[in-house]
Amino acid sequence: MIHFLNKTKAPKDLKEEEVNKLINAINAQLTLIKASLRKDDHGDLIIDFEYDYFIPKQDTISAKTLIQLSRVFENWVQSSGSIYNQFHPVQAQK
């Protein structure tokens with residue numbers, strides 16, 4: 001199993017309840033990754049993006065495939081920005 005994880009600070013202009021709604025929207029639209037919310041040691045809201053890629057025990061994975069998977073994961077995380085813009089259009093116009 002390969003586990004991809006991206007930790008991102010939640011937008012400071014959103015309250016925790018709004019961030020939870022954003023995460024629900026992200027999870028509804030980006031079904032292959034999981035977004036979740038937590039607080040760090042300083043009380044800042046952190047959005048964790050996670051994706052697990054299963055590799056059967058007898059199989060191997062090439063370097064090329066690993067790079068492709070990491071790029072796909074990165075694209076999914078970046079596309080959450082467009083979901084934020086849909087969710088919070090006033091902030092996107094600033």
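- Here the CG atom belonging to Asn27 is positioned 11.5 Å from the CG atom belonging to Leu32, to the nearest 0.5 angstrom.
- Separating the CG atom in Asn24 from the CD1 atom in Ile83 is a distance of 11.5 Å, to the nearest 0.5 Å.
- Taken to the nearest 0.5 Å, the OG atom of Ser79 stands 4.0 Å off from the CG atom of Leu30.
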Step-by-step side chain to side chain contact (heavy atoms under 4.5 Å, CB included) determination, Glu16 to Leu37 | CA-CA 9 Å; Glu16 186 171 354; Leu37 181 65; 3.9 Å; yes
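- Contact detail for His42 and Asp40: the closest heavy-atom pair is N-OD1, 2.9 Å.
- For the pair Ile2/Asp52, no side-chain contact is recorded, criterion being any heavy-atom separation below 4.5 Å from C-beta on.
- Between Phe49 and Trp76, the ring centre distance reaches or exceeds 6.0 Å.
- Counting only residues at least two apart or in different chains, salt bridge (charged side-chain N to carboxylate O under 4.0 Å, His left out) contacts with residues 28-38 comprise Arg38-Asp48.
- With a 4.5 Å cut-off on side-chain heavy atoms, Ser82 and Tyr84 do not count as touching.
- With Glu18 contributing its side chain and Lys15 its backbone, the two residues share a donor-acceptor pair below 3.5 Å.
- For residues 53-64, every residue pair satisfying the side chain to side chain donor-acceptor pair (under 3.5 Å) rule, not counting sequence neighbours, is listed here: Ser62-Thr65.
- Atom CG of Leu45 and atom NZ of Lys9 lie 10.5 Å apart (nearest 0.5 Å).
- Atom NZ of Lys7 is separated from atom OG of Ser36 by 10.5 Å, given to the nearest 0.5 angstrom.
- Put simply, the side chain of Ile47 reaches to within 4.5 Å of the side chain of Ile23, judged on heavy atoms.
- In this structure, the separation between CD1 on Ile46 and CG on Asn6 is 10.5 Å, given to the nearest 0.5 Å.
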In residues 66-74, what donor-acceptor pairs under 3.5 Å come from side-chain atoms, sequence neighbours left out?
from: Ser70; atom 1: OG; to: Leu66; atom 2: O; distance (Å): 3.4
from: Ser70; atom 1: OG; to: Ile67; atom 2: O; distance (Å): 2.8
from: Glu74; atom 1: OE2; to: Gln78; atom 2: NE2; distance (Å): 3.4

